[in-house]
Amino acid sequence: MDKTGASASERSHFIRQIIEEDIASGKYGGKVITRFPPEPNGYLHIGHAKSICLNFGLAFQYHGRCHLRFDDTNPMKENLEYVESIKEDVRWLGFDWKGHEYFASDYFDQLYEYAIELIKSGNAYVDSLSPEQIRHYRGTLSEPGKPSPYRDRSVEENLELFGKMRKGEFAEGECVLRAKIDMSSPNIVMRDPTLYRIRYRHHHRSGGKWCIYPMYDFAHCLSDSIEGITHSLCSLEFENNRELYDWILDKLNVYHPKQIEFARLNLSHTVLSKRKLIRLVEGGYVDGWDDPRMPTISGFKRRGYTPASIRDFCERIGVARRDSMVDLALLEHCVREDLNKHAMRVMVVLRPLRVVIDNYPENDTELLTAINNPEDREMGTRQVPFSRVIYIERDDFMEDPPKKFFRLAPGREVRLRYAYFIRCTDVIRDESGQISELRCTYDPATRGGDSPDGRKVKATLHWVSAAHAVRATVRLYDHLFIVENPAEEEDFTACINPGSLETLEGCMLEPGLENTPPGLRYQFERLGYFYADHKDSAPGRPVFNRIVTLRDTWARIQKQQQKK
RNA sequence: UGAGGGUUGGUCUAGUGGCAAGACGACGGGUUCUGGCCCCGUUAACCCAGGUUCGAAUCCUGGACCCUCAGCCA
C-alpha cells in the first residue's frame with residue numbers, strides 16, 4: 001500500500017491516466033478495448049508477459065476486453081506451431097481473451113479494399129523500382145529522399161497494376177504498393193512507405209489465396225480499427241510509426257484508435273531479443289525454448305515459476321517511457337514471496353553425508369511430527385521417520401569451522417529439525433582422506449527438537465533417514481549469464497555462466513516424495529523452492545528443478561570472508 | 001549529423017509550483033526448531049547551466065548524454 005491507500009495492483013501509471021481521462025471525457029464512449037498482437041514467429045518471453053499483463057490487466061480493470069490478435073502478415077516467418085504455443089502461454093499466465101481471437105490474415109480481403117480506396121484517392125501507387133533502388137531513393141537520416149519515377153502513375157494504371165500484383169502477374173520484388181506521402185519528410189517512416197509486397201508463399205491460414213501481403217504499418221492500424229480497439233499499446237520503437245498509423249486511418253476516414261508507446265522490459269542477467277534467444281537454442285547453449293534457464297514463458301513455467309509471481313512482477317516494475325534494466329532479483333523476490341505462502345515444506349539432502357547415531361537403538365524407527373507450512377497452519381502436519389543412520393548436508397559440517405559457522409563440527413551440538421539434538425563425536429575418512437561418515441550421539445530428552453533443560457543450539461539441520469530415503473535427480477539452476485547486461489557484450493555467448501546448471505544425482509528425499517506428481521512445487525527446507533519437472537519427472541522417478549534459492553545469509557557471510 | 005523520444009538513490013517506480021515517497025537490493029540489529037519468513041533501523045537520487053517565482057524534480061531558455069528510425073521484418 002502506498003500513501004494513497006492504493007495497493008500495487010491499482011497504482012496509477014501514465015497509460016492508466018490517459019485511459020481515465022478518455023473515460024472521463026467520453027472519448028470512446030467510455031469503453032476500453034485493448035489487444036495483445038503477437039506475431040506467430042517465435043516463443044513468448046517475459047518481455048511479452050509485461051505487455052500481456054498490461055493489456056489484459058487494463059481491460060479487466062476498466063471492465064473492457066482484450067483481444068488476442070495474431071499479426072500474421074508475413075508468410076515467410078509465421079506458422080501454426082507458434083500460434084498454439086502463444087495461446088498456451090497466455091492462458092498459463094492466467095488470461096482469457098473470451099473468444100476474441102483474431103488474425104490479421106482474416107482481414108486480408110478488407111485490407112485489400114482499403115488499399116484500393118487509397119489508390120483511388122491518390123494516396124497510394126504501385127512502384128516498379130527494385131528494392132535496392134527504393135533504398136537509394138529513400139535518402140538518409142540527414143538527406144531527403146527523392147520521388148520514384150513511377151510516383152505519378154495515374155489512378156487507373158495503379159488500379160490495373162495492383163490488380164495484376166494480386167493475380168500473380170509479377171515476380172517477387174518486381175513491384176510494391178506504396179503510400180504517397182512525402183519523400184522529403186524528416187520522419188523516414190513517412191517517405192512513401194511500402195504497403196504491400198509480393199510473396200509467393202503458402203500462408204498458415206489463408207493458404208495460397210494471396211500472393212500479396214500487407215506490411216505491418218498498413219495491417220496493424222487497420223486491424224485495430226476494424227476491431228474497435230480504443231487504446232493500442234506498443235513499445236517505444238514504434239514511436240516513429242505513429243505518424244503513419246494516424247495518416248492511414250485519417251486518409252481512409254475510419255475509426256481511429258489511439259496508439260500509446262511504453263518502454264519494453266529489459267531484465268538483468270539474461271537476453272530478450274528474439275535473435276539472441278534463437279542463437280541460444282540453435283547453438284546448443286540451452287536445451288530448447290523451454291529450458292528452465294530461458295527467459296521464455298515456457299522456460300519460466302518449466303523452471304517452476306508461478307503465473308501469479310510473474311503477474312506480480314509485471315505490476316511491480318511499472319509502466320513508463322524510459323529505457324530501463326530491471327534487476328532479476330525483483331523477479332526472484334516475487335516468486336519467493338508467492339511460494340513462501342503456498343509451498344509445502346519437505347526435507348531433502350542434496351549432497352548427502354552419512355551420520356551414525358551411536359547411542360540410538362539399532363533397529364528402531366520412530367515417526368516425528370513435521371509442520372507442512374509454518375506460514376499456513378491449515379496445511380497441516382506429516383510424520384517423518386527417524387532412525388539410527390541418517391544423511392545430512394555435506395555443507396552443514398565443517399571439521400575446522402570459521403568464526404561465524406554455526407552448524408555441526410567436532411564436539412558441537414546442533415538440532416535435527418523436528419527430531420533430536422545430536423553431538424558430533426568422531427569423523428570417519430575413507431582411504432583417500434575424504435570424510436565418509438560422522439559418528440554422533442543424541443540426547444533422548446530432546447525428542448521433537450526441544451531441550452527440557454533449556455539449553456540452546458545455534459543451528460537446526462535438515463536430514464533424511466537413510467533407511468527410508470528416496471533417491472532423486474535434482475537440477476540446480478543459476479543465472480544464465482554472469483554479467484548484468486549480456487546484450488552489450490561483443491559476444492554475449494562468451495559470458496554464459498558455466499555453472500548455470502548443475503545436475504545432482506542421488507539426492508535423498510524424505511519418503512512420500514517418490515510419487516510426487518509432476519508440476520508440484522515444494523520448499524526444500526533451508527535450500528530453496530523446487531519444482532517437479534512436468535517433462536522429466538514421473539511418479540517413482542522424480543526429477544526436481546530448483547526454482548530459486550532461499551535468501552541465504554550464510555552464503556553472504558562466506559562471500560564477505562572470501563573478499564578479506 | 002534530420003526527426004521522434006528519454007534522463008529522480010545501486011535498480012525499478014511515484015511526484016504534475018509547496019516536507020523528494022514506495023518497492024527491490026545492500027548493510028546492521030531483533031526474533032526464530034528453516035542462517036527462511038516476519039519486525040526494526042541504516043545507506044542512498046532530482047543530468048548540467050541559466051531564468052521565472054516568496055518557493056522549481058515540476059514552468060521557460062540553452063547545453064550534455066542515452067535510445068529509436070534509412071526492411072519489400074514486426
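In the text below, chain A, chain B and the rest are named by the order of the sequence lines, each starting its count at 1. What's counted below: heavy atoms across the whole structure, side chains too, no hydrogens, waters or symmetry copies. All values derive from a computational prediction rather than experimental measurement.
B:rA21 is paired with B:rU13 under the Watson-Crick or G-U wobble criterion, all donor-acceptor distances under 3.5 Å. The pairing partner recorded for B:rU7 is B:rA64, the criterion being a Watson-Crick or G-U wobble arrangement whose two distances lie under 3.5 angstrom. Both distances falling under 3.5 Å, in either a Watson-Crick or a G-U wobble arrangement, place B:rG2 opposite B:rC69. Nucleotide B:rG35 is matched to nothing when pairs are restricted to Watson-Crick or G-U wobble geometry with both distances under 3.5 angstrom.
Across B:rA57 and B:rG25, the matching P atoms stand 30 Å from one another, rounded to whole Å. Remark: the separation of the P atoms in B:rG28 and B:rC65 is 40 Å, to the nearest Å. Taking atom C1' in both B:rA44 and B:rG51, one finds a spacing of 30 Å when rounded to whole Å. Comparing the P positions of B:rC19 and B:rU61 gives an interatomic distance of 25 Å, to the nearest angstrom. A gap of 30 Å separates the C1' atoms of B:rG55 and B:rA23, to the nearest Å. Rounded to the nearest Å, the gap between the P atom of B:rG30 and that of B:rG36 is 13 Å. B:rC66 and B:rU1 have their P atoms separated by 13 Å, given to the nearest Å. With both ends at atom C1', the span from B:rU31 to B:rC24 equals 23 Å, rounded to whole Å.
Counting to the nearest Å, the P atom of B:rG15 and the NE2 atom of A:His13 are 11 Å from each other. If you take CZ of A:Arg16 and P of B:rG15, they are 12 Å apart, rounded to a whole angstrom. The distance from atom CZ of A:Arg526 to atom C1' of B:rU32 is 14 Å, rounded to the nearest whole Å. Distance, A:Asn340 CG to B:rC38 P: 6 Å, rounded to whole Å. If you take CG of A:Asp312 and C1' of B:rC12, they are 13 Å apart, rounded to a whole angstrom. Rounded to whole Å, the distance from CG on A:Leu265 to P on B:rC24 is 18 Å. The CZ atom of A:Arg417 sits 11 Å away from the C1' atom of B:rC37 (whole-angstrom rounding). Look at CE on A:Met398: it is 16 Å from P on B:rG35, rounded to the nearest Å.
Every side chain to side chain contact (heavy atoms under 4.5 Å, CB included) that A:Arg551 has, sequence neighbours left out, goes to A:Arg336, A:Arg556.
In summary, A:Arg191 and A:Glu143 do not engage in a salt bridge, as defined by a charged side-chain N under 4.0 Å from a carboxylate O.
Taking only side-chain nitrogens and oxygens, A:His462 never comes nearer than 4.0 Å to OP1 or OP2 of B:rU34. Not one side-chain nitrogen or oxygen of A:Arg322 sits closer than 4.0 Å to the OP1 or OP2 atom of B:rG5. Contact check, A:Arg316 against B:rA23: no side-chain N or O comes under 4.0 Å of OP1 or OP2.
A:Asn241 places no side-chain N or O within donor-acceptor distance of the main-chain N or O of A:Leu244, the cut-off being under 3.5 Å. Under the 3.5 Å distance criterion, the side-chain polar atoms of A:Arg394 are left unmatched by any main-chain donor or acceptor of A:Ile392. Without hydrogens or angle criteria, A:His45 side chain to A:Leu272 main chain gives a donor-acceptor distance under 3.5 Å.
Counting any heavy atom pair closer than 4.0 Å across all strands shown, A:Val319 reaches sugar-phosphate atoms only and no base atom. At the heavy-atom level, A:Tyr213 lies nowhere under 4.0 Å from the strands shown. Within the 4.0 angstrom heavy-atom criterion, base atoms lie near A:Gln17. Using a 4.0 Å heavy-atom distance criterion, A:Leu330 is classed as a sugar-phosphate-only contact. Using a 4.0 Å heavy-atom cutoff across all strands shown, A:Ile557 reaches at least one base atom of the nucleic acid. A:Phe405 comes within contact range of at least one nucleobase, with a heavy-atom separation under 4.0 Å. A:Glu243 comes within 4.0 angstrom of no nucleic acid atom, judged by non-hydrogen atoms across all strands.
Using a 30° and 60° split on the angle between ring planes, A:Phe103 and A:Phe70 fall in the parallel class, below 30°. Using the six-membered ring where Trp is involved, A:Phe405 and A:Trp554 have ring planes that are perpendicular, over 60° apart on the 30 and 60° scheme.
Closest-nucleotide positions on RNA chain B for A:Met325 and A:Arg407 were compared, and the one nearer the 5' end corresponds to A:Met325.
Across B:rG35, B:rG25, B:rC37, the shortest atom-to-atom separation from the side chain of A:Ala329 is found for B:rG25. When the nucleotides B:rG6, B:rC37, B:rC12 are ranked by their closest atom to the side chain of A:Arg321, B:rG6 comes out on top.
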The test is salt bridge (Lys or Arg N to Asp or Glu O under 4.0 Å); show your working for A:Arg205 and A:Glu78 and say whether it passes. CA-CA 10 Å; A:Arg205 298 203 103 223; A:Glu78 296 144 7; over 6 Å; no
Test A:Arg316 against A:Glu337 for salt bridge (Lys or Arg N to Asp or Glu O under 4.0 Å), laying out the working first. CA-CA 13 Å; A:Arg316 286 183 191 233; A:Glu337 190 174 74; 2.9 Å; yes
Let me see the working for A:Asp395 and A:Arg407 under salt bridge (Lys or Arg N to Asp or Glu O under 4.0 Å), right down to the final yes or no. CA-CA 9 Å; A:Asp395 287 352; A:Arg407 282 109 94 144; 5.6 Å; no
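Among A:Tyr531, A:Phe524, A:Phe530, the single residue meeting the ring pair (Phe, Tyr, Trp, His ring centres under 6.0 Å) criterion with A:Phe544 is A:Phe524.
Heavy-atom minimum distance, A:Ile422 versus A:Cys440: CD1-SG, 4.0 Å.
At a cut-off of 3.5 angstrom, counting only N and O atoms as typed in the model, there is a donor on one side and an acceptor on the other between the side-chain of A:Glu375 and the base of B:rG36.
Taking syn as a glycosidic angle within 90° of 0, B:rG9 does not qualify and is anti.
A cation-pi arrangement is not found for A:Arg199 relative to A:Tyr213, the charged atom failing to lie both closer than 6.0 Å to the ring centre and inside a 45° cone about the ring normal.
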If you restrict it to nitrogen or oxygen atoms, what contacts under 3.5 Å exist between nucleotides 26-29 of chain B and the protein, and what is each distance?
from, atom 1, to, atom 2, distance (Å)
B:rC27, OP1, A:Gln560, NE2, 3.1
B:rC27, OP2, A:Arg556, NE, 2.8

Protein proximity profile, nucleotides 67-74 of chain B - base contact B, sugar-phosphate-only contact S, no contact -, cut-off 4.0 Å on heavy atoms: SBBBSBBB
